[in-house]
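Read the structure below first, then the notes.
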Amino acid sequence: MPRRDPFKGCDDFRLARRPVELTRRQVVLGGLSIYAATALGPSRLLQDARAQAAAAPDAPVLVSVFLPGGCDLLSTVTPLDQTGRLADLRRSITTEAPAPLATESRVGLHPSLSEGLDGGVRGLFEAGKVGFLPGIDYANPDLSHFHSRHFWETGLITERTAPGWLGRWLDRHGSADNPLQGLSLGGLSPLLRTGGAPVATIDDPAGAQLRFGGTWGPAADMTVAAWSRVAAETPGAGAGPAAAKRAAQLARDIGDRLAPYAPADDNAPDPLAPPVAYPENSDFATHLSRLAGLLAQPLGIRVAAIDAPSDFDTHDDQPKQLAAALSEVSQGLAAFQADLEARGIADRVLTFVWSEFGRRPQSNDSSGTDHGAGGIAWVQGTRARGGILTDYPDLRRLDREDNLAVTIDFRRVYCSLLEGWLGTDAAEVIPNASAFGRLAVVR
Amino acid sequence: MPWSEAHVRRLFWRAGFGATPAEAARWAQAGQDATIKYLLDGARGLAGPAPLLGGRPLDPLNEWSHRALWWLDRMVRTRRPLDEKLTLFWSDHFPSVADTPLVLAQNRMFRARALGSFRKLLGAVTRDPAMQVFLSLADSTKEAPNENYARELMELFTLGGGYTERDIREAARALTGFRSKWGDGGLQRIWFDPSLHDAGVKRIFGRRGRFGADGLLDLVVGHPRHAPFLVRKLWDFFVTEPPDRATLRSLTRAYRQSGLRVAAVVERILRHPALYARLDAPDMVKCPLVYVAGTLRLAGLGVTIEDYSWLLEQMGQFPFDPPSVAGWDWGPAWLTSQTMAARVRFGNAMLAWNDHPPLEVPDGAGDPGLSPDAQLDRALDALGRPWISDATRRVLVDLAAGYFTDLVKPWQQGKPRQQRADMLQRSLRHLILSGPDAHLH
């Protein structure tokens, strides 16, 4: 793949060519219906993804988990050595005592982070599989959700539209053909917006299948072929038409690639059935479960993104809201980690959990906290560097806006993930990368 | 300006939910002035009978999926499509996630004020129970003001920039004093309690005063950034090309001179030539609600199946449930591989699922004797003549032409041929209503 300027959108988008001519397709498929055909056709289509995966079967995968709304540092990873000052600041919030840690005395974790398999995120921390990054943010933090989120998504402190930082990495190091290389579950993550490289957005493989009901046999095959031909021949000039054309092409391509992993019908076994129990009634956990199953297949997934439920904007009733949100996150992430380990792929998957900012040290009168600086993120995985990886902000030294001091720039972590985990030069993706220094986040 | 059916179709899609062939003919005849007057001042209310699901009327207060269907039905049956379209605009501009009775009341408020004074709308939004609860205005007190609403008021609702963190904190003080009372059925009422209001002097945008909620709202709408901010957002809702500077200036002036009336801006946008650019190649992506409501309207269908509710959710626009306080992401962002698969699924709901789907092509309804062009015409007629590009037309005519060619044996004539003709109509209709062209207007 030719190298491109990673900071510029690219207009040379193209998709893998698919043999859509009726004659060719009919030869390949004979008289089979599309339902039978999907089992046959895609295995051929899979070959390019498989070839990529085979070329680098142990290629590292980075998974982003976003905690929308601005996760509160002080209640999530609580500084046990600053409890007096903390109690003064958080007068309107009564929280359960943080859970102490077997391996670290300076901080305790929100009790909800003990929920899930093997002690949840706390269990993972004590097993050395989680490295916390308290105080993460950037200089002169912007307390708007949307500005701050945009900065984190793009890795650029600018309000200009730009591809996501992992999208730029795909533009540089990804494939021109395989949309599954950048996989969002539950909605396109702006992190994975690219300047040209194809990416995929799905809920699950079954939902990705294109079916035209009320037709069968050769008629169904001809309909699918016509869908592809319409998508290919539609001019797609301008942003809207181009998006419609691309989505039509990608929907077909991704449906084909994932067909082997979609249950044939409602009663058929799930080809991606997880080896561990995930929590029920959680879209977040379901998406993690689908992702773990797909990561174990030769699909060439390199970066993936999932959003946690958007309950972290705890202006009101923080004790209840945060407990529920962290519980869902802890249970989901613990199951995901156990799943990856059970499938024997944990050593090539690193998860990065982040939020767009932290919250004000002083609580408000609605038992909540307003937007603040100095937040919390963590790396998780068998190859993550465990422990408390950054300086915890000093509660006696707030900034001019009465916010926590920022102790690490998130772009330092991005550069470290790019170089230490994905193994590529950070300067290709993050402008002025050398200025941010590096932090060991993997081992 | 020349005025044709193509102009009417463009206007009705952008300012509403599409034009049926009869509407396109009628308003092309009536001329631009009459058409725009109809959109701005037409008779209110809904056309036709209320939908029945399983023989019963919609019950949005008690059935979760019905609140989405209730709003969708308004879009399909409205006699004031522009009001309905702007109700959607304001729901996205002032998103609030709250209990059903609150969001339904808010929705009615948006509809009633859709084209009126922005300042009055903003006052109503600030006191609106759904918003009060969603952005923590209720029970924000002088002891510890909650900044949630103050920040979004400036960033998302009125200015977009040109204020400081201090302005936000001071504005939060001005907004204190609202209280809420809750009971078994949820929120009971919101009222203003002067004893909890911070009546002290605030300094906002460099002005000092004992501002309260209304004083603050006067300040934000009087801020020089407000008029260009709102005018631009309205423009982008209707037109894909960015406005040139002169257009932006004149719209801003018209907005201010009218006393911040939304209708003054919208009418000028609806008359602007940029709205009618490239009539033969629509380039704005339909949001899921416009896509679904427009498909139903053109086909002459009502809200007769419950599936539209979860299909809208899968397409990324579950009514009354915007993803964040910034509303939905519009434009090309509506279309991903995932949401496109959901739009194809919508085609299945229209054509194939259940015993009698809304666009059912019953067995035996196809006609194997029609020419390929006539087959396509028949499918387009059934859908209310939606736009398709020349490229799509070519592919679909080819599809119709080749659809029967494998049926060569004597035993494949008769019933197999009839079945194939039925399937051809399903294929064509599905490809028209979910192919790439269907998502543009």
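For the numbers below, each heavy atom of this structure counts, side chains included, while hydrogens, waters and symmetry mates do not. Chain identifiers are assigned alphabetically (A, B, ...) following the order of the sequence lines, protein sequences preceding nucleic acid strands; residue numbering begins at 1 within each chain.
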Could you tell me which of A341(B), S389(B), P332(B) has the largest number of non-hydrogen atom pairs under 4.5 Å with chain A? P332(B)
For the candidates A219(A), G238(A), A208(A), which exhibits the highest count of non-hydrogen atom pairs separated by less than 4.5 Å from chain B? A219(A)
Toward chain A, the part of D422(B) with a non-hydrogen atom under 4.5 Å: neither
Contact check, side chains of L143(A) and N403(A), non-hydrogen atoms, under 4.5 Å: yes
Heavy-atom proximity to chain A below 4.5 Å, by part of R345(B): side chain
Option from Q362(A), H315(A), Q318(A) for which side chain to side chain donor-acceptor pair (under 3.5 Å) with T369(A) holds: Q318(A)
Side chain, backbone, both or neither: which part of V325(B) has an atom under 4.5 Å from a heavy atom of chain A? both
Check whether Q419(B) gets within reach of chain A through its side chain, its backbone, both or neither, counting any heavy atom under 4.5 Å. side chain
Are M340(B) and T336(B) packed together at the side-chain level, in the sense that at least one heavy-atom pair is separated by less than 4.5 angstrom? no
At a 4.5 Å cut-off on heavy atoms, which part of D203(A) comes close to chain B: side chain, backbone, both, or neither? both
Can you tell which part of D139(B) gets under 4.5 Å to a heavy atom of chain A, answering side chain, backbone, both or neither? backbone
Residue from H439(B), R426(B), E152(B) scoring the most non-hydrogen pairs under 4.5 Å with chain A is R426(B)
Could you verify whether a donor N or O on one side chain and an acceptor N or O on the other, from S363(A) and R91(A), lie under 3.5 Å apart? no
R169(B) versus chain A, the contacting section by heavy-atom distance below 4.5 Å: side chain
Note: vs chain B, highest number of non-hydrogen pairs under 4.5 angstrom among I254(A), V230(A), D142(A) is V230(A)
Side-chain donor-acceptor contact under 3.5 Å, S140(B) with Y149(B): no
Among V285(B), L440(B), L428(B), single out the residue with the greatest number of heavy-atom pairs under 4.5 Å to chain A. L440(B)
Exercise: do T392(B) and D437(B) side chains pair donor with acceptor under 3.5 Å: yes
Pick one of side chain, backbone, both or neither for E147(B), based on which atoms fall under 4.5 Å of a heavy atom in chain A. both
Looking only at the aromatic ring of each residue, does the gap between the centers of W227(A) and F212(A) stay below 6.0 angstrom? yes
Top residue by heavy-atom pair count (under 4.5 Å) with chain A, among A391(B), P357(B), S136(B)? S136(B)
Do you know which of L188(A), D313(A), N364(A) has the most heavy-atom pairs under 4.5 Å to chain B? N364(A)
Closest-packed option against chain A by number of heavy-atom pairs under 4.5 Å, given V344(B), V395(B), L156(B): V395(B)
Positive for side chain to side chain contact (heavy atoms under 4.5 Å, CB included) with M315(B), one of W334(B), F346(B), W310(B): F346(B)
Heavy-atom pairs under 4.5 Å with chain B, option from A242(A), A248(A), A237(A), A200(A) with the top count: A248(A)
Could you verify whether a donor N or O on one side chain and an acceptor N or O on the other, from R252(A) and S228(A), lie under 3.5 Å apart? yes
For the interface with chain A, which of A281(B), P436(B), S434(B) has the highest count of heavy-atom pairs at distances below 4.5 Å? P436(B)
Please confirm whether the ring centroid of F357(A) lies under 6.0 Å from the ring centroid of W152(A). no
Looking only at the side chains, is there a donor atom on one of H145(A) and E356(A) sitting less than 3.5 Å from an acceptor on the other? yes
